[in-house]
Number of protein chains: 2
Amino acid sequence: MTPRNSVDMRAILDAATEIADSNGMEEVTLASVAKKLGIRSPSLYNHVDGLDGLRRQLALHGLEKLHHALMNAVVGRAGDDAVRALGKAYVEFARSNTGLYQATLRAPDVEDPRLKQAGDNIVHLTMRVLEGFGLKDEEALHVVRGLRSLFHGFASIEQSGGFGLPLDLDESLSRLIDTYIAGIHAMYDCK
Amino acid sequence: MTPRNSVDMRAILDAATEIADSNGMEEVTLASVAKKLGIRSPSLYNHVDGLDGLRRQLALHGLEKLHHALMNAVVGRAGDDAVRALGKAYVEFARSNTGLYQATLRAPDVEDPRLKQAGDNIVHLTMRVLEGFGLKDEEALHVVRGLRSLFHGFASIEQSGGFGLPLDLDESLSRLIDTYIAGIHAMYDCK
DNA sequence: TGCAAAAACTAATAACATTAGTTATATTTA
DNA sequence: TAAATATAACTAATGTTATTAGTTTTTGCA
C-alpha cells in the first residue's frame with residue numbers, strides 16, 4: 001500500500017518549512033517543494049489539497065509547535081513570572097522559526113476547524129497562565145487579547161526588520177512585557 | 001508629452017487600493033490593476049517597476065496616509081489623551097483601509113530609503129506625543145517600540161479575524177492602551 | 001503469483017510577470 | 001501650420017506557476 005518512494009506528510013512539511021525559513025513564505029510553492037523532494041509538483045496533490053492545502057497544513061503545524069513551545073515555557077511558573085516566560089518564548093519561537101511563524105499568520109481560511117482549535121489552545125493556555133491574577137472572566141479575556149497583540153506585534157515588526165534603531169531588542173521586549181504587567185496590577189486590583 | 005489616455009500614478013494607486021481593500025493584497029496583480037484601468041499589463045511598466053515596484057509605491061502611499069491620519073488625531077492633545085488618540089486612529093486606519101494597511105506591511109524592500117523615511121516619520125510623531133511624559137531618551141525609544149507593537153499587533157490580529165470570541169473589540173483596544181499607559185506611569189516615574 | 005490501491009508520472013490548460021520590439025498620439029518646435 | 005520627438009500605449013513571445021485529467025508504476029496483501 002505504500003508505493004514508489006512514497007513521500008509522506010512529514011517530509012512535505014519539513015521541506016516546506018525549510019524553504020519558508022530560508023527564503024520566506026512567498027517562496028513556498030508546489031513547484032519548489034516538489035523540487036526539493038525530488039518529485040513532480042502534480043504528485044503533491046496525492047498528499048495535500050493544492051497550494052492552499054499545503055499552507056493550511058503548514059499553519060496548523062506551526063500553531064501546534066508554537067503551543068508546545070509555550071507550554072514548555074510556563075510549566076512550573078505562575079503569575080508575573082509565567083507571563084514573562086510566555087512572552088519570551090513566543091518571540092523566541094518567531095525568531096527561530098521565521099518561516100513557520102509566517103505560515104501561522106497568512107492562514108488561508110480562518111474558519112478551518114483544526115486551525116481554530118489550534119488557536120484556541122493557545123488562548124486557553126494564556127487564560128490558565130492568568131488564573132493566578134484573580135481577574136474576572138471578562139477582564140481576563142481582554143487581557144488575553146492584549147497579550148496576544150503585544151507578543152504578535154513585537155514578533156511581527158521585529159521579523160520584518162521594522163525596528164530600525166540600534167537599540168537592544170531583548171531589552172525592549174522585557175520592558176514591554178513588564179510595563180504591561182505593571183499596568184494590569186494598576187488597572188485591576190489583583191495579586 | 002502626454003500621449004494616449006495616459007493613465008497616471010494617481011489612477012494606478014487608486015485602482016490598486018480599491019482591489020486591495022475589497023479582495024486583499026494577494027489579488028493586487030499587474031493583470032488585475034491593468035484590467036481595472038482598461039489597459040494591458042505591460043503598459044504598467046511605463047509607470048511602475050514591475051509588481052514589486054507597484055507594491056512599494058502602494059506601501060509608501062499607505063504609510064503617508066497613515067502618518068497623516070495619526071497627525072490629525074493628535075493635534076491639540078497631550079499626554080495620556082494623545083496616546084489614546086494615537087492608538088485609536090491607528091486601528092481605525094487599519095479598519096477602514098484594510099488593503100492599504102496590508103500594503104504597508106508586506107513591503108518588498110525594507111531598505112528602500114523612501115519607505116524608511118515614511119516609517120521614521122511615524123516613529124518621530126510617536127516620540128513627540130511622548131514628550132510630555134518626561135521620559136529619558138532611551139526609555140522613550142523603548143516605549144515607542146512598545147506602542148508600535150501594541151497597535152500593530154491589535155490591528156493585525158483583528159484584521160485577520162483572529163479575535164474569535166464575542167467580546168467587544170473597541171473595549172479590548174481601550175483597555176489595552178489604558179493598561180499600557182498605566183504601566184508606563186508605574187514603571188517610569190513620570191507625569 | 002496476481003490484484004488492488006496508492007502514489008508517482010506525463011500532458012495540457014490557464015493565469016501571471018516580464019522582456020523586446022512596434023505603433024500611435026500629444027506636445028513641442030521649426 | 002507642419003514636422004519632430006518623446007511618451008505611453010500596444011502586440012508577441014517566453015518562462016513560471018497551479019491545476020486537472022488521464023496513465024503508469026509499484027507495493028502490500030490475498
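Residue numbers begin at 1 in each chain, while the letters A, B, ... track the order of the sequences.
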Answer yes or no: does a side-chain N or O of B/S43 lie under 4.0 Å from OP1 or OP2 of D/dA8? no
Crowding at CD, A/E138 (>12 non-hydrogen neighbours, <6.0 Å): no
Any side-chain donor-acceptor pair under 3.5 Å between B/H142 and B/Y188? no
Are a donor atom and an acceptor atom from the side chains of A/K88 and A/S174 found within less than 3.5 Å of each other? yes
Would you mind reading off the distance between B/E26 atom CD and C/dA17 atom P, rounded to a whole angstrom? 13 Å
Closest to side chain of A/P42, choosing from D/dT19, C/dA17, D/dC10: D/dT19
Side chain of A/N46, heavy atoms from C-beta onward: which of C/dA17, D/dA18, C/dA7 has the nearest atom to it? C/dA7
Separation of B/L30 atom CG from C/dT19 atom C1', in whole Å? 13 Å
Distance-only, no hydrogens or angles: does the A/E139 side chain make a donor-acceptor pair with backbone N or O of A/K136 under 3.5 Å? yes
From CG of B/L44 over to P of D/dC10, roughly how many Å is that when rounded to an integer? 9 Å
When the distance from CG of A/D52 to C1' of D/dT20 is rounded to whole Å, what number comes out? 16 Å
For atom CG of B/D49 and atom C1' of C/dA17, their distance in whole Å: 12 Å
Separation of D/dA18 C1' from A/Y45 OH (nearest whole Å): 5 Å
Measuring from the side chain of A/I39 (C-beta onward, heavy atoms only), which nucleotide among C/dA17, C/dC9, D/dT19 has the closest atom? C/dC9
OP1 or OP2 of C/dA8 under 4.0 Å from side-chain N/O of A/H47: yes
Any side-chain N or O of B/S41 less than 4.0 Å from the OP1 or OP2 oxygen of C/dA17? no
Does B/R40 place a side-chain N or O at less than 4.0 Å from the phosphate oxygens OP1/OP2 of D/dT11? yes
CG of B/D8 versus C1' of D/dT7: gap in Å, rounded? 14 Å
Do we get B/R145 above A/F163's six-membered ring, with its NZ or CZ under 6.0 Å from the centre and within 45° of the axis? yes
Figure out the CE/P separation between A/M9 and C/dA8, and round it to whole Å. 12 Å
